Asker: 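Okay, here's the structure, questions in a sec.
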2 protein chains.
Amino acid sequence: MEKKEKKILPCDDNCPVKASLGLLAGKWTMMIIFQIGNDVMRYGELKRAIPSISEKMLIQELNMLVENKLVNKKAYPEIPPRVEYRLTELGLKTIPIIDKLVEFGKENLIKLS
Amino acid sequence: MEKKEKKILPCDDNCPVKASLGLLAGKWTMMIIFQIGNDVMRYGELKRAIPSISEKMLIQELNMLVENKLVNKKAYPEIPPRVEYRLTELGLKTIPIIDKLVEFGKENLIKLS
DNA sequence: AATAATTCTAACTTTTTGGTAAGTACCTGA
DNA sequence: TCAGGTACTTACCAAAAAGTTAGAATTATT
């Protein structure tokens, strides 16, 4: 009769949850990824799609996403300027996460009033 | 020849991503859910499983999770105290999210050195 | 000449979040 | 009688995140 042993994988620096959240945890990060989705989105379109975000947070997050290689940025040398954002291959791989988030929210949290 | 119309669903108060993040967005929230998983975990076990969390944050998050009905708490009237946490039905429904988070982290972020 | 459109940038402040350290309660065993 | 184990609680402080406001660049339009 041996003591029941519990297999715990401690959440240290190799914790995949921690690693993913390191990229995605910002207040607006996943909402921006959700909005870009499989499309191309201009800066202004994103702003309208997420009405409550401030301009500062929007570009700050976009820059961070570009730096982390989740989002690709293409600026056209036009006046007025046109800048397009789309998900990179890596960014596209986060979509399943967002999908589950959407599913959970729709089925359990959103009031259908 | 009509202008290409873009169907954007603005992220307002009905945004499912926003709603889900409202419950799950804390720095430690998903890691705690990840650690509880389908098991029962005592307070001390969680502490050991997430070595870098402070006691304050751990109970604070656990209380919040209980309040939001994602986690169930059972305290035994023993000395020394024993308190068990497990996911509620609602909490279990967040596991697919965590799973995708784990998958993304493992496949793209964790260095296998 | 002034205005509008678009994509930012920068300085400053406020709010939120997280960390530290200490303490509480209760019984057991040395 | 005194440390040890367990699950917290509280008060205080620091750091991180986010919000506000203003402005800059460039060209077309009025």
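In what follows, chains carry the letters A, B, and so on, assigned in the order in which the sequence lines appear, proteins first and then strands, with residues in each chain numbered from 1. Here the structure is a predicted model, which means the values were calculated and not measured.
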Asker: In whole Å, what is the span from the CD1 atom of A:Ile79 to the P atom of C:dA4?
Answerer: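 That distance rounds to 18 Å.
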Asker: So does A:Lys74 get a side-chain nitrogen or oxygen closer than 4.0 Å to the phosphate oxygens (OP1/OP2) of C:dT7?
Answerer: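 Looking at the OP1 and OP2 atoms of C:dT7, neither is under 4.0 Å from any side-chain N or O of A:Lys74.
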Asker: Is there a side-chain contact between A:Asn63 and the phosphate of C:dT9, meaning an N or O under 4.0 Å from OP1 or OP2?
Answerer: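 The answer is yes; a side-chain N or O of A:Asn63 sits under 4.0 Å from OP1 or OP2.
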Asker: In plain terms, say whether A:Lys47 and A:Glu55 are close enough for a salt bridge, that is, a side-chain N and a carboxylate O under 4.0 Å apart.
Answerer: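 The answer is yes: the pair qualifies as a salt bridge.
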Asker: Starting at CD1 of A:Ile59 and ending at P of D:dA24, how long is that distance when rounded to a whole Å?
Answerer: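 In whole Å, D:dA24 P lies 16 Å from A:Ile59 CD1.
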Asker: What is the distance from CG of A:Leu62 to C1' of C:dT6, rounded to the nearest Å?
Answerer: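 In whole Å, C:dT6 C1' lies 14 Å from A:Leu62 CG.
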Asker: Would you mind reading off the distance between A:Arg82 atom CZ and C:dT7 atom C1', rounded to a whole angstrom?
Answerer: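 That distance rounds to 13 Å.
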Asker: Heavy atoms only: give me the nearest B:Leu24-B:Leu70 pair and the separation to one decimal.
Answerer: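 The answer is CD2-CD1, 4.1 Å.
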Asker: Checking A:Phe104 against B:Leu23 for the side-chain contact (heavy atoms from CB on, under 4.5 Å) test, could you report, in this order, the C-alpha distance in whole Å, the side-chain angles of both residues, the deciding distance, and whether it holds?
Answerer: CA-CA 11 Å; A:Phe104 178 76; B:Leu23 290 185; 4.3 Å; yes
Asker: One character per nucleotide, please: for nucleotides 13-22 of chain C, 5' to 3', B when the base has a protein heavy atom closer than 4.0 Å, S when only the sugar-phosphate does, - otherwise.
Answerer: -----BBB--
Asker: In whole Å, what is the span from the NZ atom of A:Lys47 to the P atom of C:dA5?
Answerer: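 After rounding, the gap between these two atoms is 11 Å.
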Asker: Within this structure, what is the CD-to-P distance between B:Glu45 and D:dG5, rounded to whole angstrom?
Answerer: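 For the pair B:Glu45 CD and D:dG5 P, the rounded distance is 16 Å.
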Asker: Can A:Glu84 and A:Arg82 be counted as an ion pair, charged N to O under 4.0 angstrom?
Answerer: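 Yes, A:Glu84 and A:Arg82 are salt-bridged.
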Asker: With a 4.0 Å cut-off on N to O distance, would you call A:Arg42 and A:Glu45 a salt bridge?
Answerer: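 Salt bridge: no.
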Asker: Within this structure, what is the CZ-to-P distance between B:Arg48 and D:dG5, rounded to whole angstrom?
Answerer: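 Result: 11 Å.
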Asker: Without decimals, in angstroms, what is the distance between A:Glu78 CD and D:dA28 P?
Answerer: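 Result: 12 Å.
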Asker: From the set D:dA7, C:dC8, C:dT6, return the single nucleotide nearest to any side-chain atom of B:Val83.
Answerer: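 Nearest to the side chain of B:Val83 among the choices is D:dA7.
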Asker: Looking across every strand, which nucleic acid part, if any, lies under 4.0 Å from B:Tyr85 by heavy atom: base, sugar-phosphate, or nothing?
Answerer: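 Since only primed, P, OP1 and OP2 atoms lie under 4.0 Å of B:Tyr85, the category is sugar-phosphate.
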Asker: Under 3.5 Å, is there a donor-acceptor pair between the side chain of A:Ser20 and the main chain of B:Leu101?
Answerer: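 Yes.
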Asker: Of the nucleotides C:dT7, C:dC8, D:dC8, which one has an atom closest to the side chain of B:Tyr43?
Answerer: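 Nearest nucleotide to the side chain: D:dC8.
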Asker: Nearest nucleotide by nearest heavy atom, which residue falls closer to the 5' end of DNA chain D, B:Gly44 or A:Ala25?
Answerer: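 In this pair, the answer is B:Gly44.
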Asker: Do any side-chain nitrogens or oxygens of B:Arg42 fall under 4.0 Å of OP1 or OP2 in D:dA7?
Answerer: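 Yes, B:Arg42 has a side-chain N/O under 4.0 Å of OP1/OP2 on D:dA7.
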Asker: Please lay out, stage by stage, how B:Leu46 and B:Leu58 fare under the test side-chain contact (heavy atoms from CB on, under 4.5 Å).
Answerer: CA-CA 8 Å; B:Leu46 282 169; B:Leu58 183 51; 4.2 Å; yes
